[in-house]
Structure formats: structure tokens, C-alpha cells
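Here's the structure, in C-alpha cells; my notes come after.
Sequence lines set the chain letters: A, B, ... in the order given, protein chains first and strands last, and positions in each chain run from 1. Computation of the quantities below employed the complete heavy-atom set of this structure, encompassing side-chain atoms and omitting hydrogens, waters and symmetry-equivalent molecules.
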Amino acid sequence: MSAEAIDGAALAQFESEARARKVGDASRGAGFALIGLAVLLAVWWVGGKIIADNPATANFAGFAPAPTFEKLWEMLESGFAWRMTWPSLMRIGAGLAWAIAIGVPLGIVIGRFRAAREASSVPFQFLRMISPLAWMPIAVLAFPSWDRAIIFLIGVAAVWPILFSTAHGFRRIDPAWFKVGRNLGARPWHMLFTIIMPAIAQDALAGIRLAVGVAWIVLVPAEFLGVTSGLGYSINDARDALEYDRLAATVVIIGVIGFSLDWICERAIRKASWAREE
Amino acid sequence: MTVASDRHRGRKPGAHIAVTGVSHRFRRNATYALTDVDFEIQPCEAVALVGRSGCGKSTLLHIMSGLTAPTKGEIRLDGALVKGPSPECVVMFQQPHLFPWMTVAQSVGLGLKFAGRPKKEIEARVHELLALVELDGYEKRNVQELSGGQQQRVALARSLAVHPEVLFLDEPFSALDLVTRRALQQDVRRIASEIGITLVIVTHDIPEAVTMADRAIVMAPNPGRIFDIVPIDLDDADRSERSAAAQAAQERLQKSFEGASGRSVELAAARLAGVETLRLAAAGQR
Ligand SMILES: Nc1ncnc2c1ncn2[C@@H]1O[C@H](COP(=O)(O)OP(=O)(O)O)[C@@H](O)[C@H]1O
Ligand SMILES: [Mg+2]
């Protein structure tokens, strides 16, 4: 065998070992995730059992896993689950769209101009610390419909992480990139779309991921008021109707969708990130 | 450097550069980084700006390329006033400063994309330049997968893709190992003379100046100024090897460099007096 062939064989073996290690890591991760999920279900099941066995709380037996999943299946089959989820998704989509449309450009301005950063720092930190739900009465007065008031509340909750992350991302840009850009004849829009946007994409998306988390949490209490659709309304409605299995099934839906949204964001961040490990 | 301008056909030769009365003071600094810098560079000439660190070489390069506006004085490129950066004068820095999310092909074609050239043309030009810098077949690679020397080659191709008239280099190879550095020095000089562009190299490395330049402008610090102009009249064959002629040129440049660094104050004073005559002599030659 020639030296090259030996090298090639060694390389192939090394690569297949590395692949095996990667596959091993992934299946190990999935194994632990399953264990975690099983523990969660067990705790839920035990909790449901205790509630059902106690005569004082037997009315709440619907919270246990078995009735919950039964109801969930029924809700999915009848299309009810989708009908109450869709308005919530629309609201969160609109709120996030506003937050991105305002947060990203404002973040770029704050990252770029020191004066803007210094002037806005105190007011923004002040506003950020106000619970979005505290805006509720103002939102209800300011907007003609409940729907828009909810979108406003989501936007207010979501804009801050997006804004601060974008500004942070901008400040990490290598100033030499602008020099290179100017030197090669970049126009302002080239600077924005070819240099700035890809450079900050990862940080902006990290901000959006945080924003999605906050917005999803704010959504449910925001839907407690006024509207007659959405997941938050459905929770309230199920409680008033004493349908605890429906209530628990809705909670499951909220959790699953929140988890999925976060997963999508995480994939997007991974895709936008250009930093390679050494 | 008539050889280069003869050899190159079809395009107009690299630009003539005139630096007139340039002084520069940074806003926060009390002292001038540059005072009364005057010189000319002929089309297709390769000139080295040599001097200890802090003597204003980079500042002068930024001013000449239009990236920095001088406090006083002006730069003319083929008689036209330089008002800002443009793809006619491209700059390469110590670091390649590639955009890490781009492929090699995207990086090299960037300037042409900014100029709004059609896709087909960009593709062809990228291909041509990657061949020139000996990176054929690397089009689809992410720039982060390349070695330091390869990255600097991509930066070179990116700079040349826009058909510049002048290539400015600010200690472009000092972060590379010796072998890579020597290879790139020779390649850049060869390429510049082949395509017919003016070359301005900032360096504090004497052998680099001798390998790459037809003339060295030696600068002195505090405030930054021209101290001496040393011609390097060598055949290209003599530059690459450790020939006696190259050694002699290095020694001459070294002496001037040390004089400029103020190690010998008397020598510096003597040289300073000599600069005027040298400048006059240089002017007489044109
Ligand atoms: N952006 C800047 N702001 C203030 N002073 C600077 C700046 N850049 C360079 N200087 C000063 O100008 C002088 C010349 O710097 P520079 O041109 O970088 O020298 P060189 O490239 O020869 O090492 C130095 O004293 C340096 O401290
Ligand atoms: Mg420098």
C-alpha cells in the first residue's frame, strides 16, 4: 500500500469515528430528554392521583394526564384546538412583527450612534422594567379593539430584547469592515444589506428568540381580557365551565407551541451564525 | 518601471500620484502625525513607505487612499483631486478583513456586486482572479476555512477584481509566516507589474521593501515626515535571491532607516539637510 492510500484509510477511519461519536452524542442527548419527559409525566400522574383520591379535591380529577390527553385528542379531532390556537398565533405574529420592525432599526441606530445610545439608555431601561401588563388599561383606552390592544401589549413586551440585542450585535462589528466596504464602493444600502444585516443577524435573532419567549408568556394573561378567542380566553372559559380536562389540555397546547417556537428560533440562529469554532 | 507599462496592453497604466503639502493632526492629539509631506509616484511604480512604527506610515496611506481626509494638503490621482475612497485605489491591511459569512467567490466579487455588474461578468472575473492568486477551485469554500496566507490571497483578489489603478498595502503580510510572506511579496510585485498598477507598500521590514519596491520613502517620527528617499534599482531576478545587489540595497536602506529612527541624531540632521537636495534631484529627473 502506498503512503497516500494508508493516509486515506486512516483519514476515512478517523472521519467515521468522528461521525459515530456525533451520532452517539445525539442519541445520548435524546435519551436524557426522554428520561426528563418521563419524570415530568410521572410527577403529573402522581399529582393527578393524589387529587383524585382526596374527596375534597376529586372535582379536579380532570387535571390528571389520562383525561387531559383524551380531551386533547378530542379537541384536535374536532378542530377546536386549531380554532382557539389560530387567533393567538395571529396576535403573537403581529406583535412580534411590530417589535422587529421597530426594534431592529432602532437597535442599529443605538449601536451606531453613541449620542443616541447615551440619550436613550435611561429612558429605555426605565420603560423595559415596566411589566407589559401594566400597560393594559392604557392600551385598552388607546386602541379601538381588544385585538389591537393585545398586539400592542405583545409588541411592548417583545421590543426590548430585540432592540438591545441588535444594538449589541452592531457594536461587535469590526470597524474595518466599513472601511473595506467604502473602499470597494459600497453605497449606504449595500452597507446595510450586504455588511450590517448579515453581521448582526445572529444577535438580532437571539434577541427575537428571547422576545418570542416573553411574548408567549404575556399572551395568555393578555387574552384573559375582552377577547372571545385564543388560548388565554380558552383557559379562562374552561375554568368557568369547570372543564378541568380542557383546561389542562390547553396548557399542554400552550407548552408545545411555545417549545416549537423556541426551537424554530434556535434553528434560525444556528443558520444565521457565521462564527466557526476553531 | 517602464517594463511593466510596456508589458501590459489594452488597459491604461496605473495612476500617477501626487502628494502635495500633506499635514495631518488627529482630533484628540496635540501634535501632528504628519507634517509637510510632498512626493510623487510615477504610473506603475512600486514604492515602499518605510519607517519605525508610529512615524505616520498608515496615516499617510489612509490619506493617499482617500479613507482619511488630511488636515492640510491634497492628493491627486492622475491630476484629479482625491475626495474620498473609491475602487480606483484599493487598500489591503495587515488582516485580510474578509466577511466571515461569505464564500471565496462572494468575497472576490463583492466590489463588482457593489458596482452593479451583471452576474455572468462577476463570475468570469472571479474565476480569472482566483487563477491569478492561485486559488482555483476554492470558489465555494467559506473564507474561514482558509489559512492566513490563503485569506490574504482572497483579499488580494478582492482588491484587484474592481480594476484598480493603485494598490495600497499596509503591512499586509506581517501576520504571516516567513515562507508565505516571501511568496506573497514576490507574487504581488509580479501581479502588479503584469496587470500594470501602481503599488504603495507600507512596511517596517527592510527586506520586504527591497523585494517589492523600486523606491523606498523613509519616514521619521515626531512629527511624521519624509526623511530620505532611497532608490532600489534591482532586476527582478536579483530581488528574490540573496544576491549581493539585494544585500547592498538592504544595507543602504537599513542605514537610512536607523538614521530616521533617531539612533544617530547627527546623521539624522545631516540627512534632513540632504532631503531637500534629494527632492530637488528627484524633481529634476521627472
Ligand atoms: N485614529 C487615531 N487617533 C489618534 N491618533 C492616531 C490615530 N491613528 C494614529 N495615531 C497616531 O498617529 C501617529 C502615526 O500613527 P500611524 O500612522 O499608525 O503610524 P505607523 O503606521 O507608521 O506605525 C502615532 O503617533 C499614532 O499614535
Ligand atoms: Mg501602521
Side-chain angles (χ1 to χ4, degrees), chain A residues 11 14-15 18 22 104 108 111-115 118 165-166 168-208 265-278, chain B residues 58 61-62 64-69 82-103 106-117 122 141-148 151 154-164 166-170 172:
Chain A
L11 191 68
F14 173 79
E15 278 177 353
K22 231 181 221 171
V104 171
I108 290 176
R112 169 69 185 80
F113 299 103
R114 202 184 146 138
E118 281 165 3
S165 270
T166 305
H168 176 250
F170 192 99
R171 293 186 63 191
R172 286 201 314 165
I173 293 181
D174 182 353
W177 288 345
F178 295 125
K179 229 165 22 179
V180 170
R182 287 203 299 149
N183 195 205
L184 291 175
R187 305 291 160 99
W189 64 88
H190 290 136
M191 287 285 194
L192 183 62
F193 292 111
T194 317
I195 298 177
I196 295 174
M197 287 302 220
I200 64 171
Q202 188 185 353
D203 287 296
L205 280 168
I208 291 172
C265 289
E266 202 230 305
R267 297 313 298 260
I269 291 169
R270 218 182 298 166
K271 211 152 178 215
S273 108
W274 37 259
R276 304 280 171 97
E277 63 263 49
E278 292 299 308
Chain B
S58 297
L61 189 101
H62 273 74
M64 289 172 75
S65 69
L67 281 167
T68 302
V82 171
K83 295 198 187 99
S86 90
E88 280 180 6
C89 316
V90 287
V91 188
M92 268 179 73
F93 303 94
Q94 183 173 357
Q95 301 298 328
H97 293 307
L98 300 174
F99 298 98
W101 53 86
M102 290 186 186
T103 64
Q106 286 171 327
S107 307
V108 175
L110 193 61
L112 296 171
K113 187 181 154 191
F114 290 160
R117 309 307 307 169
I122 296 179
R141 296 273 202 101
N142 179 280
V143 292
Q144 292 174 91
E145 294 167 18
L146 273 50
S147 71
Q151 290 192 2
V154 173
L156 177 64
R158 176 176 71 181
S159 302
L160 296 177
V162 291
H163 300 285
V166 189
L167 177 60
F168 292 102
L169 305 153
D170 192 352

Residues 180-187 of chain A vs chain B, non-hydrogen distance cutoff under 4.5 Å, contacting residues -> A/V180, A/G181, A/R182, A/N183, A/L184, A/G185, A/A186

Honestly, the part of A/T194 sitting under 4.5 Å from a heavy atom of chain B is both

For A/W177 and B/L98 the tightest heavy-atom approach is NE1-O, 3.5 Å

Pairing donors with acceptors under 3.5 angstrom, does anything connect the side chains of A/H190 and B/K113?
no

Ranking B/Q95, B/H62, B/Q106, B/M92 by heavy-atom pairs under 4.5 Å to chain A gives rank one to B/H62

Cut-off 4.5 Å, heavy atoms of chain B, and the answer for A/A272 is neither

Shortest non-hydrogen pair, B/F114 vs A/I195, comes out as CZ-CD1, 4.4 Å

Highest number of heavy-atom pairs under 4.5 Å with chain A among B/G111, B/C89, B/S159, B/P100 belongs to B/P100

